[in-house]
Amino acid sequence: MRFADVLPERSQPSEYFSPAAMPRKDSFLELERLIGLKEVKRTLAEVTAFSLVQNKRTQLQLKAYPSVLHMVFKGNPGTGKTTVARILGRIFNDIGILSKGHLVEVERADLVGEYIGHTAQKTREMLKKSMGGIMFIDEAYSLNQGGERDFGKEAISTIVKSMVDSRDNLVVILAGYSSETERFLKSNPGLRSRFPIHIDFADYDGEQLFQIALQIYSERDYEISNRCRWKLKKHLNDFVKNRHPHSGNARYVRNLVEKSIRLQALRIIDIDNPSRRDLVLIEDMDLPEPSGMS
Ligand SMILES: Nc1ncnc2c1ncn2[C@@H]1O[C@H](COP(=O)(O)OP(=O)(O)OP(=O)(O)O)[C@@H](O)[C@H]1O
Ligand SMILES: [Mg+2]
(Lines give C-alpha, C1' and ligand atoms only; values in the text may rest on other atoms or scores of the structure.)
(Ligands and ions follow the chains in the order given, each with its own letter.)
Protein backbone atom coordinates (compact mmCIF):
# COMPACT_ATOMS: atom_id res chain seq x y z
CA MET A 1 0.00 0.00 0.00
CA ARG A 2 1.31 3.45 -0.81
CA PHE A 3 0.42 6.10 1.71
CA ALA A 4 0.09 8.64 -1.08
CA ASP A 5 -2.79 6.63 -2.55
CA VAL A 6 -4.89 6.71 0.56
CA LEU A 7 -4.28 10.19 1.88
CA PRO A 8 -6.77 12.91 1.04
CA GLU A 9 -5.55 15.08 -1.80
CA ARG A 10 -4.94 18.11 0.34
CA SER A 11 -2.37 16.36 2.46
CA GLN A 12 0.04 14.62 0.20
CA PRO A 13 3.43 15.85 1.30
CA SER A 14 5.07 12.93 -0.41
CA GLU A 15 8.50 13.81 0.91
CA TYR A 16 7.17 12.91 4.36
CA PHE A 17 5.13 9.94 3.25
CA SER A 18 7.52 8.40 0.85
CA PRO A 19 6.04 5.26 -0.66
CA ALA A 20 9.32 3.56 0.10
CA ALA A 21 8.55 3.85 3.81
CA MET A 22 5.85 1.24 3.46
CA PRO A 23 7.00 -2.36 3.42
CA ARG A 24 6.22 -3.95 0.04
CA LYS A 25 4.63 -7.07 1.41
CA ASP A 26 1.98 -9.26 -0.14
CA SER A 27 -0.40 -8.41 2.67
CA PHE A 28 -0.37 -4.73 1.72
CA LEU A 29 -0.85 -5.53 -1.93
CA GLU A 30 -3.80 -7.70 -1.03
CA LEU A 31 -5.44 -4.84 0.82
CA GLU A 32 -4.71 -2.51 -2.04
CA ARG A 33 -6.31 -4.92 -4.51
CA LEU A 34 -9.67 -4.92 -2.75
CA ILE A 35 -12.20 -2.90 -4.73
CA GLY A 36 -13.32 0.42 -3.20
CA LEU A 37 -13.06 0.63 0.61
CA LYS A 38 -11.20 3.92 0.37
CA GLU A 39 -11.92 4.98 3.95
CA VAL A 40 -10.99 1.56 5.26
CA LYS A 41 -7.66 1.63 3.45
CA ARG A 42 -6.96 5.15 4.65
CA THR A 43 -7.66 4.38 8.31
CA LEU A 44 -5.52 1.28 8.17
CA ALA A 45 -2.68 3.24 6.56
CA GLU A 46 -2.95 5.69 9.45
CA VAL A 47 -2.88 2.96 12.07
CA THR A 48 0.02 1.17 10.42
CA ALA A 49 2.02 4.37 9.92
CA PHE A 50 1.52 5.30 13.57
CA SER A 51 2.79 1.93 14.76
CA LEU A 52 5.81 1.99 12.46
CA VAL A 53 6.68 5.53 13.56
CA GLN A 54 6.41 4.60 17.24
CA ASN A 55 8.92 1.80 16.63
CA LYS A 56 11.33 4.20 14.98
CA ARG A 57 10.92 6.69 17.85
CA THR A 58 11.71 3.97 20.37
CA GLN A 59 14.91 3.20 18.48
CA LEU A 60 15.99 6.83 18.91
CA GLN A 61 14.99 6.91 22.60
CA LEU A 62 12.12 9.31 21.90
CA LYS A 63 8.83 9.02 23.76
CA ALA A 64 6.64 6.44 22.11
CA TYR A 65 3.06 5.53 22.81
CA PRO A 66 1.80 2.00 22.63
CA SER A 67 -0.89 1.82 20.00
CA VAL A 68 -4.24 0.52 21.15
CA LEU A 69 -5.34 -1.36 18.09
CA HIS A 70 -8.68 -2.82 19.13
CA MET A 71 -11.27 -1.92 16.55
CA VAL A 72 -14.93 -1.81 15.65
CA PHE A 73 -15.96 -2.79 12.11
CA LYS A 74 -19.44 -1.54 11.26
CA GLY A 75 -21.30 -2.51 8.14
CA ASN A 76 -23.87 -4.68 6.44
CA PRO A 77 -23.22 -8.32 5.54
CA GLY A 78 -20.86 -8.89 2.64
CA THR A 79 -19.15 -5.50 2.81
CA GLY A 80 -15.73 -7.07 3.40
CA LYS A 81 -15.33 -6.95 7.18
CA THR A 82 -14.01 -10.49 7.61
CA THR A 83 -11.87 -10.24 4.48
CA VAL A 84 -10.23 -7.02 5.68
CA ALA A 85 -9.71 -8.40 9.21
CA ARG A 86 -7.95 -11.45 7.80
CA ILE A 87 -5.59 -9.31 5.69
CA LEU A 88 -5.03 -6.95 8.61
CA GLY A 89 -3.82 -9.85 10.75
CA ARG A 90 -1.17 -10.57 8.13
CA ILE A 91 -0.19 -6.91 7.89
CA PHE A 92 0.24 -6.66 11.66
CA ASN A 93 2.30 -9.81 11.56
CA ASP A 94 4.48 -8.45 8.74
CA ILE A 95 5.23 -5.23 10.60
CA GLY A 96 5.87 -7.00 13.88
CA ILE A 97 2.77 -6.03 15.86
CA LEU A 98 1.36 -9.55 16.14
CA SER A 99 3.47 -12.68 16.47
CA LYS A 100 1.19 -14.90 14.37
CA GLY A 101 -1.40 -12.70 12.69
CA HIS A 102 -4.07 -15.37 12.33
CA LEU A 103 -7.80 -14.63 12.58
CA VAL A 104 -10.12 -16.40 15.00
CA GLU A 105 -13.75 -15.71 14.15
CA VAL A 106 -16.06 -16.12 17.11
CA GLU A 107 -19.71 -15.52 17.82
CA ARG A 108 -21.87 -15.63 20.88
CA ALA A 109 -22.16 -19.42 20.96
CA ASP A 110 -18.36 -19.79 21.07
CA LEU A 111 -18.09 -17.60 24.15
CA VAL A 112 -21.21 -17.95 26.24
CA GLY A 113 -21.79 -21.07 28.29
CA GLU A 114 -24.74 -22.55 30.09
CA TYR A 115 -23.79 -22.52 33.74
CA ILE A 116 -21.76 -20.45 36.14
CA GLY A 117 -18.07 -20.65 35.28
CA HIS A 118 -18.72 -22.16 31.86
CA THR A 119 -18.60 -18.80 30.06
CA ALA A 120 -15.28 -17.74 31.53
CA GLN A 121 -13.85 -21.12 30.59
CA LYS A 122 -15.13 -21.01 27.00
CA THR A 123 -14.10 -17.39 26.52
CA ARG A 124 -10.62 -18.00 27.91
CA GLU A 125 -10.21 -20.91 25.53
CA MET A 126 -11.04 -18.70 22.54
CA LEU A 127 -8.73 -15.99 23.85
CA LYS A 128 -5.93 -18.51 24.11
CA LYS A 129 -6.55 -19.57 20.51
CA SER A 130 -6.46 -15.93 19.40
CA MET A 131 -3.22 -14.94 21.15
CA GLY A 132 -0.73 -13.56 18.66
CA GLY A 133 -3.53 -12.79 16.24
CA ILE A 134 -6.95 -11.21 15.91
CA MET A 135 -10.08 -12.21 17.78
CA PHE A 136 -12.92 -11.20 15.49
CA ILE A 137 -16.26 -11.13 17.28
CA ASP A 138 -19.14 -11.23 14.81
CA GLU A 139 -22.40 -9.63 15.93
CA ALA A 140 -20.75 -8.61 19.15
CA TYR A 141 -23.95 -6.94 20.37
CA SER A 142 -25.55 -10.34 20.82
CA LEU A 143 -23.39 -10.63 23.94
CA ASN A 144 -25.52 -7.93 25.45
CA GLN A 145 -28.90 -9.40 24.65
CA GLY A 146 -30.56 -11.66 27.12
CA GLY A 147 -31.06 -9.49 30.17
CA GLU A 148 -29.32 -9.00 33.47
CA ARG A 149 -28.68 -12.63 34.27
CA ASP A 150 -27.26 -13.47 30.90
CA PHE A 151 -23.69 -14.81 30.76
CA GLY A 152 -22.86 -12.60 27.77
CA LYS A 153 -21.66 -9.86 30.10
CA GLU A 154 -19.25 -12.28 31.73
CA ALA A 155 -17.79 -13.01 28.31
CA ILE A 156 -17.32 -9.29 27.71
CA SER A 157 -15.55 -8.70 31.01
CA THR A 158 -13.29 -11.72 30.49
CA ILE A 159 -12.28 -10.40 27.09
CA VAL A 160 -11.66 -6.88 28.40
CA LYS A 161 -9.47 -8.23 31.17
CA SER A 162 -7.43 -10.19 28.69
CA MET A 163 -7.11 -7.14 26.41
CA VAL A 164 -5.55 -5.25 29.31
CA ASP A 165 -3.26 -8.09 30.39
CA SER A 166 -1.94 -9.04 26.97
CA ARG A 167 -1.92 -5.67 25.36
CA ASP A 168 1.00 -6.44 23.11
CA ASN A 169 -0.05 -9.50 21.27
CA LEU A 170 -3.79 -9.54 20.75
CA VAL A 171 -6.11 -7.38 18.67
CA VAL A 172 -9.84 -7.66 19.26
CA ILE A 173 -12.28 -6.58 16.56
CA LEU A 174 -16.00 -6.17 17.24
CA ALA A 175 -18.02 -6.49 14.06
CA GLY A 176 -21.64 -6.09 13.11
CA TYR A 177 -24.39 -3.88 11.78
CA SER A 178 -23.79 -0.23 12.38
CA SER A 179 -26.82 0.69 14.48
CA GLU A 180 -26.77 -2.37 16.74
CA THR A 181 -23.04 -2.00 17.29
CA GLU A 182 -23.42 1.67 18.21
CA ARG A 183 -26.16 0.86 20.69
CA PHE A 184 -24.06 -1.90 22.20
CA LEU A 185 -21.10 0.43 22.74
CA LYS A 186 -23.33 3.12 24.22
CA SER A 187 -24.69 0.72 26.79
CA ASN A 188 -21.16 -0.29 27.78
CA PRO A 189 -19.32 3.01 28.32
CA GLY A 190 -16.23 1.22 29.62
CA LEU A 191 -16.05 -0.73 26.40
CA ARG A 192 -16.10 2.20 23.98
CA SER A 193 -12.83 3.67 25.21
CA ARG A 194 -11.07 0.35 24.76
CA PHE A 195 -11.95 0.26 21.08
CA PRO A 196 -10.60 3.55 19.77
CA ILE A 197 -10.58 2.69 16.07
CA HIS A 198 -13.94 2.66 14.31
CA ILE A 199 -14.23 1.72 10.67
CA ASP A 200 -17.39 1.98 8.58
CA PHE A 201 -17.86 -0.46 5.73
CA ALA A 202 -20.25 1.15 3.25
CA ASP A 203 -22.50 -0.78 0.89
CA TYR A 204 -20.89 -1.14 -2.55
CA ASP A 205 -22.38 0.70 -5.50
CA GLY A 206 -23.23 -1.04 -8.80
CA GLU A 207 -19.89 -0.24 -10.44
CA GLN A 208 -17.92 -1.56 -7.46
CA LEU A 209 -19.94 -4.77 -7.41
CA PHE A 210 -19.25 -5.12 -11.13
CA GLN A 211 -15.51 -4.67 -10.56
CA ILE A 212 -15.63 -7.24 -7.75
CA ALA A 213 -17.30 -9.71 -10.14
CA LEU A 214 -14.60 -9.11 -12.78
CA GLN A 215 -11.93 -9.65 -10.17
CA ILE A 216 -13.41 -12.98 -9.08
CA TYR A 217 -13.72 -14.18 -12.71
CA SER A 218 -10.15 -13.22 -13.43
CA GLU A 219 -8.81 -14.87 -10.25
CA ARG A 220 -10.43 -18.07 -11.48
CA ASP A 221 -9.20 -17.83 -15.07
CA TYR A 222 -12.55 -16.97 -16.59
CA GLU A 223 -13.47 -14.23 -19.02
CA ILE A 224 -16.86 -12.83 -19.88
CA SER A 225 -18.25 -12.01 -23.30
CA ASN A 226 -19.30 -8.46 -24.17
CA ARG A 227 -22.97 -9.33 -23.99
CA CYS A 228 -22.38 -10.91 -20.62
CA ARG A 229 -20.69 -7.71 -19.42
CA TRP A 230 -23.76 -5.68 -20.24
CA LYS A 231 -26.11 -8.18 -18.69
CA LEU A 232 -23.98 -8.38 -15.56
CA LYS A 233 -23.84 -4.59 -15.24
CA LYS A 234 -27.59 -4.32 -15.56
CA HIS A 235 -28.14 -7.19 -13.14
CA LEU A 236 -25.95 -5.50 -10.51
CA ASN A 237 -27.43 -2.04 -11.03
CA ASP A 238 -30.90 -3.49 -10.56
CA PHE A 239 -29.67 -5.33 -7.50
CA VAL A 240 -28.40 -2.09 -5.97
CA LYS A 241 -31.70 -0.32 -6.68
CA ASN A 242 -33.77 -2.97 -4.96
CA ARG A 243 -31.49 -4.20 -2.24
CA HIS A 244 -32.05 -4.15 1.49
CA PRO A 245 -29.31 -4.28 4.16
CA HIS A 246 -29.27 -8.06 4.27
CA SER A 247 -28.91 -8.66 0.54
CA GLY A 248 -25.25 -9.49 0.87
CA ASN A 249 -23.25 -6.93 -1.12
CA ALA A 250 -20.05 -8.63 -2.35
CA ARG A 251 -21.21 -12.00 -1.08
CA TYR A 252 -24.17 -11.78 -3.47
CA VAL A 253 -21.70 -11.12 -6.29
CA ARG A 254 -19.56 -14.09 -5.32
CA ASN A 255 -22.63 -16.34 -5.36
CA LEU A 256 -23.72 -14.93 -8.72
CA VAL A 257 -20.30 -15.55 -10.24
CA GLU A 258 -20.16 -19.07 -8.86
CA LYS A 259 -23.61 -19.86 -10.17
CA SER A 260 -22.68 -18.61 -13.65
CA ILE A 261 -19.57 -20.77 -13.61
CA ARG A 262 -21.71 -23.82 -12.85
CA LEU A 263 -24.20 -22.92 -15.58
CA GLN A 264 -21.36 -22.52 -18.07
CA ALA A 265 -20.10 -25.97 -17.10
CA LEU A 266 -23.54 -27.38 -17.80
CA ARG A 267 -23.58 -25.67 -21.22
CA ILE A 268 -20.20 -26.99 -22.35
CA ILE A 269 -20.14 -30.41 -20.72
CA ASP A 270 -21.27 -32.19 -23.90
CA ILE A 271 -18.77 -30.52 -26.22
CA ASP A 272 -16.36 -33.25 -27.28
CA ASN A 273 -13.10 -31.41 -27.43
CA PRO A 274 -13.71 -28.08 -25.73
CA SER A 275 -11.25 -25.41 -26.77
CA ARG A 276 -9.47 -23.15 -24.33
CA ARG A 277 -11.98 -20.46 -25.29
CA ASP A 278 -14.93 -22.76 -24.58
CA LEU A 279 -13.53 -23.44 -21.12
CA VAL A 280 -12.76 -19.83 -20.30
CA LEU A 281 -15.69 -17.88 -21.68
CA ILE A 282 -18.80 -17.05 -19.69
CA GLU A 283 -21.64 -16.07 -22.05
CA ASP A 284 -24.70 -14.00 -21.27
CA MET A 285 -26.88 -17.12 -21.15
CA ASP A 286 -24.71 -18.45 -18.30
CA LEU A 287 -25.61 -15.53 -16.10
CA PRO A 288 -28.64 -16.32 -13.93
CA GLU A 289 -31.62 -13.97 -13.92
CA PRO A 290 -32.10 -12.02 -10.67
CA SER A 291 -35.07 -14.23 -9.93
CA GLY A 292 -32.80 -17.26 -10.00
CA MET A 293 -30.56 -15.90 -7.29
CA SER A 294 -32.56 -16.20 -4.11
N1 LIG B 1 -13.73 -4.86 -1.70
C2 LIG B 1 -13.77 -6.13 -2.10
N3 LIG B 1 -13.11 -6.50 -3.21
C4 LIG B 1 -13.17 -7.77 -3.63
N5 LIG B 1 -13.88 -8.76 -3.02
C6 LIG B 1 -14.55 -8.45 -1.91
C7 LIG B 1 -14.54 -7.12 -1.39
N8 LIG B 1 -15.32 -7.10 -0.29
C9 LIG B 1 -15.78 -8.34 -0.12
N10 LIG B 1 -15.33 -9.17 -1.08
C11 LIG B 1 -15.67 -10.60 -1.20
O12 LIG B 1 -17.03 -10.75 -0.79
C13 LIG B 1 -17.22 -11.86 0.09
C14 LIG B 1 -17.88 -11.42 1.37
O15 LIG B 1 -16.99 -10.61 2.13
P16 LIG B 1 -16.84 -10.77 3.72
O17 LIG B 1 -17.09 -12.18 4.13
O18 LIG B 1 -15.52 -10.19 4.08
O19 LIG B 1 -17.99 -9.84 4.23
P20 LIG B 1 -18.46 -9.54 5.75
O21 LIG B 1 -18.60 -8.07 5.83
O22 LIG B 1 -17.55 -10.20 6.69
O23 LIG B 1 -19.91 -10.17 5.80
P24 LIG B 1 -20.70 -10.78 7.07
O25 LIG B 1 -21.08 -9.63 7.92
O26 LIG B 1 -21.88 -11.43 6.43
O27 LIG B 1 -19.79 -11.75 7.74
C28 LIG B 1 -15.86 -12.48 0.27
O29 LIG B 1 -15.83 -13.62 -0.54
C30 LIG B 1 -14.87 -11.44 -0.25
O31 LIG B 1 -13.81 -12.06 -0.88
MG1 LIG C 1 -17.94 -11.80 8.06
Side-chain angles (χ1 to χ4, degrees), residues 1 5-6 26-45 71-92 101-111 126 130 133-143 145 171-185 197-222 224 232-233 235-236 239-240 243-262 293-294:
M1 175 165 47
D5 290 341
V6 291
D26 286 352
S27 54
F28 286 94
L29 293 178
E30 239 182 290
L31 182 65
E32 195 173 79
R33 253 197 308 264
L34 291 176
I35 308 294
L37 298 174
K38 208 166 166 211
E39 273 306 301
V40 175
K41 291 173 183 171
R42 197 184 118 67
T43 308
L44 295 181
M71 308 183 188
V72 182
F73 282 9
K74 293 178 276 190
N76 287 329
T79 46
K81 300 183 295 296
T82 305
T83 306
V84 168
R86 189 162 283 122
I87 297 173
L88 191 58
R90 275 186 242 130
I91 291 180
F92 283 170
H102 62 304
L103 184 82
V104 179
E105 264 191 281
V106 301
E107 52 180 32
R108 187 187 153 92
D110 301 307
L111 302 171
M126 294 320 273
S130 314
I134 294 183
M135 183 190 238
F136 182 90
I137 310 177
D138 229 346
E139 299 192 33
Y141 36 79
S142 65
L143 293 173
Q145 290 158 359
V171 167
V172 179
I173 297 180
L174 307 178
Y177 294 114
S178 192
S179 50
E180 275 94 337
T181 307
E182 275 299 325
R183 213 174 308 137
F184 170 58
L185 290 171
I197 302 165
H198 286 220
I199 305 189
D200 283 308
F201 287 70
D203 287 338
Y204 295 111
D205 64 26
E207 177 59 27
Q208 288 169 330
L209 293 175
F210 179 66
Q211 293 302 329
I212 290 172
L214 294 186
Q215 196 175 65
I216 303 174
Y217 280 123
S218 137
E219 273 165 13
R220 298 189 182 190
D221 263 349
Y222 282 94
I224 63 176
L232 178 61
K233 262 197 176 170
H235 184 126
L236 292 174
F239 168 75
V240 165
R243 74 174 155 202
H244 60 85
H246 302 252
S247 325
N249 278 282
R251 175 153 315 116
Y252 176 86
V253 173
R254 187 168 284 280
N255 291 339
L256 179 70
V257 168
E258 279 168 3
K259 176 105 185 165
S260 71
I261 288 176
R262 292 196 297 272
M293 278 306 297
S294 45

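Atoms within each ligand, like the ligands themselves, are counted from 1 in listed order.
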Which one of L209, L232, L214 satisfies the side-chain contact (heavy atoms from CB on, under 4.5 Å) criterion with V253?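 It is L209; the other options fail the test.
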Using a strict cut-off of 4.0 Å, indicate which atoms of ligand 1 neighbour a heavy atom of [X].
X: L37; answer: 1 (N)
X: R254; answer: 28 (C), 29 (O), 31 (O)
X: Q215; answer: 3 (N), 4 (C)

For [X] and [Y], indicate whether the former's side chain and the latter's backbone hold a donor-acceptor pair under 3.5 Å.
X: Q215; Y: R33; result: yes
X: R90; Y: S27; result: no
X: D110; Y: E107; result: yes
X: K81; Y: N76; result: yes

Have a look at E258, E105, K81, E107 and point out the one with the heavy atom closest to atom 21 (O) of ligand 1. K81
Answer yes or no: does an N/O atom from [X] fall short of 3.5 Å to an N/O atom of ligand 1?
X: G78; value: yes
X: I35; value: yes
X: V84; value: no

Mode of F201 contact toward ligand 1 - side chain, backbone, both, neither (heavy atoms, under 4.0 Å):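 Neither; nothing of F201 gets under 4.0 Å from ligand 1.
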Run the contact test for F73 against ligand 1 with a 4.0 Å cut-off on heavy atoms, strictly below, and give the result. no
Give the residue and atom name of whichever protein heavy atom lies nearest to [atom], and the separation in Å to one decimal.
atom: atom 22 (O) of ligand 1; answer: T82 OG1, 2.6 Å
atom: atom 7 (C) of ligand 1; answer: Y204 OH, 3.4 Å
atom: atom 5 (N) of ligand 1; answer: I212 CG2, 3.7 Å
atom: atom 19 (O) of ligand 1; answer: G80 N, 3.2 Å
atom: atom 10 (N) of ligand 1; answer: A250 CB, 3.5 Å
atom: atom 30 (C) of ligand 1; answer: T83 OG1, 3.4 Å

In plain terms, say whether E182 and K74 are close enough for a salt bridge, that is, a side-chain N and a carboxylate O under 4.0 Å apart. yes
Flag the pair R86 and E30 as a salt bridge only when some basic side-chain nitrogen lies within less than 4.0 angstrom of an acidic carboxylate oxygen. no
Metal site the Mg ion (ligand 2): N/O/S of T83 inside 2.8 Å: no
In terms of relative ring orientation, are Y177 and Y141 parallel, tilted or perpendicular, with 30° and 60° separating the classes? parallel
Y217 side chain to S260 side chain, donor-acceptor N/O pair below 3.5 angstrom: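 Yes - a donor-acceptor pair under 3.5 Å links their side chains.
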